[in-house]
Every structure is written in C-alpha cells, then in structure tokens.
Colleague: 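Attaching a single structure in structure tokens format; questions to follow.
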There are 2 protein chains.
Amino acid sequence: MKREENKSRCPINFTVEIIGDTWSLLIVRDMAALGKKTFGEFLDSKERIGTSVLTDRLAHLERKGIIAKRPDPSDKRKFVYSLTDKGIELIPVVYEIAMWGTRNSPDPDAPDVWFEALKRDREEVVRLWIEAVKAGSSFFNGPDSVIARLNL
Amino acid sequence: MKREENKSRCPINFTVEIIGDTWSLLIVRDMAALGKKTFGEFLDSKERIGTSVLTDRLAHLERKGIIAKRPDPSDKRKFVYSLTDKGIELIPVVYEIAMWGTRNSPDPDAPDVWFEALKRDREEVVRLWIEAVKAGSSFFNGPDSVIARLNL
DNA sequence: TTTCTTACTTTGATAATGAAAGTAATATGT
DNA sequence: ACATATTACTTTCATTATCAAAGTAAGAAA
C-alpha cells in the first residue's frame with residue numbers, strides 16, 4: 001500500500017490521504033449513521049465491499065486512529081469496531097458530503113427521515129449526531145439517535 | 001476508469017464516487033483556495049501530480065460537472081479551468097476536510113491566515129469563501145478573497 | 001526561424017482492487 | 001458429543017489504476 005506517501009503537509013492533503021479512497025468513508029458512514037460494529041455487518045452494505053479490501057481498510061483506519069478494534073466479549077470469534085474521538089470528529093465532513101450528494105444526485109436513496117433532518121438547523125443536527133455516536137447510538141439507530149432526538 | 005460504478009444511490013457513496021480519490025479534491029482545493037486555473041498551475045503543486053493523472057482527473061471532474069474547461073482567449077495553447085456552481089457547492093466539504101486535517105495533523109502546513117480564519121465563525125468564513133470564488137477570486141488570492149474580506 | 005512553452009499522449013513498470021475459494025477458531029443445533 | 005454453521009479473516013490471480021518518464025503537436029516568444 002503506497003497510499004500513505006505524505007505527499008505534503010497541507011491539511012486537506014493530510015485528510016485526503018486518510019479517507020480519500022473508495023471505501024474508508026463508507027465504513028465511517030456505516031458506523032456513524034447505521035451503528036454497524038462487526039466485520040459481517042460492514043460486508044452487508046449495498047456497495048458490496050470484498051473481504052480482502054474490508055480487512056485492509058479496517059486495518060488502515062485503525063492504524064490511523066479513526067476506529068478502535070476490541071474482541072467481542074460475548075462471541076470470541078467476533079471483533080467490535082467503534083469510532084474513536086478522531087473518527088467522531090469526521091461527522092461534520094460526512095454531513096457535508098451527504099448534503100452535497102443529496103442535493104446533486106439525480107436520484108438519492110436514503111431513509112425519509114434523512115431528508116427531514118436536512119430541513120433542520122445544520123449546527124443542531126451535527127451536534128446531535130456527535131452526541132448520538134458518543135452515547136453508543138448512531139444517526140438512525142439506537143436510543144440516543146438523531147431521529148429519536150428530533151422526533152422524526 | 002471503473003471508478004464510476006454506481007455501487008449504490010446512497011448520497012454519501014454518490015459524492016465519494018466523484019471526489020473520493022487521491023487527486024480530485026486537491027484540484028478543487030487548488031482552484032477554490034489558490035485560484036489556480038491552468039494545467040501548468042495544477043502541475044505545480046506540492047503533491048507533484050503526474051501529467052497523465054492530471055489529464056485524467058480534469059476530464060473526470062469536467063464530465064461530472066464539477067469544473068468547466070474553456071480555451072484561453074489570450075493564449076491559444078492554454079485552457080482555463082473554473083469551478084461550476086456544483087463545484088463551488090463543494091466548498092463546505094473542503095472546509096470541513098481542511099478543518100479536520102488542521103486539528104488532527106501533527107504538523108499542518110498552511111499560510112498563517114488560514115489558522116486565523118479558523119478562529120472566525122464557520123458560517124461566515126464558508127459564505128465569504130463561496131462569494132470569493134463566485135467573484136473570480138479564491139480563499140487566499142484575488143481582490144475578493146476571504147482574507148481580504150476578513151482583513152487578515 | 002529557431003527555441004520554448006503548454007497541454008497533452010504513450011509506454012511500461014508497479015501497485016491497488018475485486019471476485020472467489022480456502023482456513024482456523026468458535027458457536028449452535030440435535 | 002458430534003456435525004454443521006458462522007465469523008473474521010488470508011490467499012490467489014485476473015483486472016484495473018497509478019506513476020514516472022519520454023514523446024508530440026500546436027502555438028508563442030526571441
């Protein structure tokens with residue numbers, strides 16, 4: 001993997017060298033928006049990532065301090081992946097990327113509540129999203145989800 | 001180029017399939033932050049993009065409606081590249097990516113005024129940045145630049 | 001009219017991706 | 001207890017992308 005070449009110390013290049021590929025941000029999305037936590041759950045997304053690439057991207061994100069990997073106490077075959085603070089800080093990036101895609105895609109596919117949430121104040125949605133993930137929930141799922149807090 | 005595979009209609013995947021690679025966002029950065037406009041100017045960045053990759057990425061961004069390409073009226077060898085409205089809409093994404101990189105890079109390299117601008121209100125900076133590019137300037141350069149408007 | 005510049009294209013080596021099959025550890029059902 | 005299933009990988013190999021270097025054609029500058 002030559003993708004971490006440190007081409008420059010530009011802050012934008014720094015970020016792009018970490019999440020600027022086809023899969024990394026989709027994994028962060030699955031965690032932050034859907035609350036996915038295990039290898040099998042990540043495999044099960046619409047974009048159909050392959051196992052070898054998933055293994056590679058998870059190791060990459062872990063090495064870069066975006067996610068943490070722990071053994072699952074209740075099933076010793078499994079590992080539980082979670083966003084670190086650094087990973088949670090990516091939520092504003094993910095929000096803007098989702099916003100741009102929603103506005104510029106000819107036919108965006110997302111839960112109805114996503115389009116409802118976009119009508120709300122950006123600052124509030126981003127703040128609630130960060131709080132949700134810190135509380136162990138995600139945008140759409142869990143007791144502290146954004147949609148629960150906004151009553152959507 | 002298989003990078004536009006339409007893996008899903010998720011808004012995040014839609015955006016990532018357009019700008020989720022090593023170079024596309026750096027080109028957008030060069031245009032939005034530095035006001036670069038020509039092939040030679042893009043070649044001349046710290047990250048040292050190769051000519052074949054630059055040609056490919058410029059064609060890709062043009063095809064996706066992010067940038068426009070016109071002949072230079074004063075030098076018929078040249079082309080002038082500019083951000084479309086769709087491209088200008090990426091500025092909030094670029095801002096958040098730059099913000100994350102600035103906060104998480106161990107040794108970020110950027111003009112001093114960038115760090116000054118980060119202390120200001122996000123909404124204002126993003127608004128001024130969009131206005132600057134629409135007026136033919138960029139974040140750092142031109143009569144309507146963000147740093148000119150903020151007196152930095 | 002020679003030389004330089006610009007925006008490419010071509011070539012060939014190296015690296016990343018993607019699909020499929022394989023594996024070892026652990027869990028589950030009977 | 002035993003057979004089967006599941007999980008998180010690893011391996012293999014064909015396809016595709018990237019990168020560096022050299023080449024090119026149109027136009028500008030001296």
Side-chain angles (χ1 to χ4, degrees), chain A residues 1-8 13 16-27 30-31 34-64 67-82, chain B residues 1-8 13 16-27 30-31 34-64 67-82:
Chain A
M1 210 195 292
K2 205 189 48 211
R3 73 173 41 263
E4 31 239 289
E5 222 174 330
N6 240 278
K7 294 190 291 293
S8 82
N13 183 58
V16 166
E17 285 187 355
I18 294 175
I19 58 163
D21 66 85
T22 314
W23 296 108
S24 293
L25 259 186
L26 298 181
I27 293 169
D30 282 351
M31 299 176 88
L34 304 174
K36 292 188 181 180
K37 290 173 162 46
T38 63
F39 195 87
E41 287 173 339
F42 296 128
L43 271 188
D44 196 29
S45 65
K46 278 224 190 71
E47 294 84 7
R48 311 265 71 209
I49 190 172
T51 54
S52 55
V53 178
L54 178 55
T55 299
D56 181 68
R57 294 293 81 194
L58 287 172
H60 163 74
L61 289 171
E62 192 191 6
R63 195 150 26 81
K64 291 295 180 178
I67 65 177
K69 177 185 186 178
R70 300 176 321 221
D72 185 330
S74 68
D75 185 338
K76 285 184 191 162
R77 294 168 306 176
K78 289 188 184 180
F79 293 94
V80 175
Y81 296 91
S82 59
Chain B
M1 209 195 293
K2 204 192 46 209
R3 71 172 42 262
E4 30 239 287
E5 222 176 331
N6 240 279
K7 294 192 288 294
S8 81
N13 183 58
V16 166
E17 285 187 356
I18 294 176
I19 57 164
D21 66 84
T22 315
W23 297 109
S24 293
L25 259 186
L26 298 181
I27 294 169
D30 282 351
M31 299 176 89
L34 304 174
K36 292 188 181 180
K37 290 174 161 46
T38 63
F39 195 88
E41 286 173 340
F42 296 127
L43 271 187
D44 196 30
S45 65
K46 278 225 190 71
E47 293 87 6
R48 310 266 72 211
I49 190 172
T51 54
S52 54
V53 178
L54 179 55
T55 299
D56 180 68
R57 294 294 79 197
L58 287 171
H60 164 75
L61 289 171
E62 191 192 6
R63 194 149 28 81
K64 289 295 180 179
I67 66 177
K69 177 184 186 178
R70 300 176 321 220
D72 186 330
S74 67
D75 185 337
K76 285 182 190 162
R77 294 169 304 178
K78 289 188 184 178
F79 292 93
V80 176
Y81 296 91
S82 59

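Chain naming here is simple, since letters A, B, ... match the order of the sequence lines and numbering starts at 1 in each.
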Colleague: Determine, for A/Asp72 against A/Arg77, whether the closest basic-nitrogen to carboxylate-oxygen distance falls under 4.0 angstrom.
Modeller: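 Here A/Asp72 does not pair with A/Arg77 in a salt bridge, since their nearest N and O are not under 4.0 Å apart.
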Colleague: Between B/His60 and B/Ile18, which heavy-atom pair has the shortest distance, and what is it?
Modeller: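 So the two residues come closest at NE2-O, 2.8 Å.
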Colleague: Which of residues 34-43 of chain A have a heavy atom under 4.0 Å from DNA chain D?
Modeller: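 Correct list: A/Thr38, A/Phe39, A/Gly40.
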Colleague: Considering only heavy atoms from C-beta outward, does the side chain of A/Met31 approach that of A/Ile67 to under 4.5 Å?
Modeller: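 The answer is yes; the side chains approach within 4.5 Å.
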Colleague: How does protein contact run along nucleotides 22-30 of chain C, one letter per nucleotide 5' to 3', with B for base contact, S for sugar-phosphate only, - for none, heavy atoms under 4.0 Å?
Modeller: ---BBS---
Colleague: Taking NE2 from A/His60 and C1' from C/dT17, how many angstroms apart are they, rounded to a whole number?
Modeller: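 These atoms are roughly 15 Å apart.
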Colleague: Given D/dT18, is OP1 or OP2 found less than 4.0 Å from the side-chain N or O atoms of B/Trp23?
Modeller: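 No, outside the criterion.
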Colleague: Could you tell me how far apart B/Asp72 (CG) and C/dT6 (P) are, to the nearest whole angstrom?
Modeller: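 One finds 11 Å between P of C/dT6 and CG of B/Asp72, rounded.
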Colleague: Can you check the A/Asp44 CG to D/dA8 C1' distance for me, whole Å?
Modeller: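 For the pair A/Asp44 CG and D/dA8 C1', the rounded distance is 15 Å.
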Colleague: Measure the distance from CZ on A/Arg48 to C1' on C/dA20 and round it to the nearest whole Å.
Modeller: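 My rounded result for the distance is 14 Å.
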Colleague: Please collect all salt bridge (Lys or Arg N to Asp or Glu O under 4.0 Å) contacts where either partner lies in residues 36-46 of chain B, sequence neighbours excluded, each pair once.
Modeller: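 As it turns out, the salt bridge (Lys or Arg N to Asp or Glu O under 4.0 Å) pairs with a partner in residues 36-46 of chain B, which skip direct neighbours, are B/Asp30-B/Lys36, B/Lys46-B/Asp109.
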Colleague: Specify the residue among A/Lys78 and A/Ser52 whose closest nucleotide of DNA chain D lies further upstream toward the 5′ end.
Modeller: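 The residue closer to the strand's 5' end, by nearest nucleotide, is A/Lys78.
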Colleague: Take the protein atom CG of B/Leu54 and the nucleotide atom P of C/dA7, then report the distance between them rounded to whole Å.
Modeller: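 Nearest whole value for this atom pair: 9 Å.
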Colleague: Whole angstroms only, please: what is the CD1-P distance between B/Ile27 and C/dA7?
Modeller: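 Nearest whole value for this atom pair: 13 Å.
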Colleague: Which heavy-atom pair separates A/Ile27 from A/Arg57 by the least distance, and what is that distance?
Modeller: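 Smallest interatomic distance, heavy atoms only, reads CD1-CB, 3.6 Å.
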Colleague: Grab the two heavy atoms, one from A/Phe39 and one from A/Leu54, that are nearest each other, plus how far apart they are.
Modeller: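 For A/Phe39 and A/Leu54, the tightest heavy-atom pair comes out as O-CD2, 3.6 Å.
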Colleague: Whole angstroms only, please: what is the CD-C1' distance between B/Glu62 and C/dA7?
Modeller: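 It is 14 Å, rounded to the nearest whole Å.
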Colleague: Would you name the heavy atoms of A/Ile49 and A/Phe42 that are closest together and state the gap between them?
Modeller: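 In this case the closest contact between A/Ile49 and A/Phe42 is CG2-O, 3.9 Å.
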Colleague: Between B/Glu62 and B/Tyr81, does a side-chain contact (heavy atoms from CB on, under 4.5 Å) hold up when you go through it step by step?
Modeller: CA-CA 9 Å; B/Glu62 191 192 6; B/Tyr81 296 91; 5.7 Å; no
Colleague: Look at the side chain of A/Asp56 and decide which nucleotide, out of D/dC9, C/dT17, C/dC8, has an atom nearest to it.
Modeller: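 The closest nucleotide is C/dT17.
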Colleague: Within this structure, what is the CZ-to-P distance between A/Arg57 and D/dC9, rounded to whole angstrom?
Modeller: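 Value for this atom pair: 15 Å.
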Colleague: Check whether any side-chain heavy atom of A/Thr38 sits under 4.5 Å from a side-chain heavy atom of A/Phe79, and report yes or no.
Modeller: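 They are not in side-chain contact.
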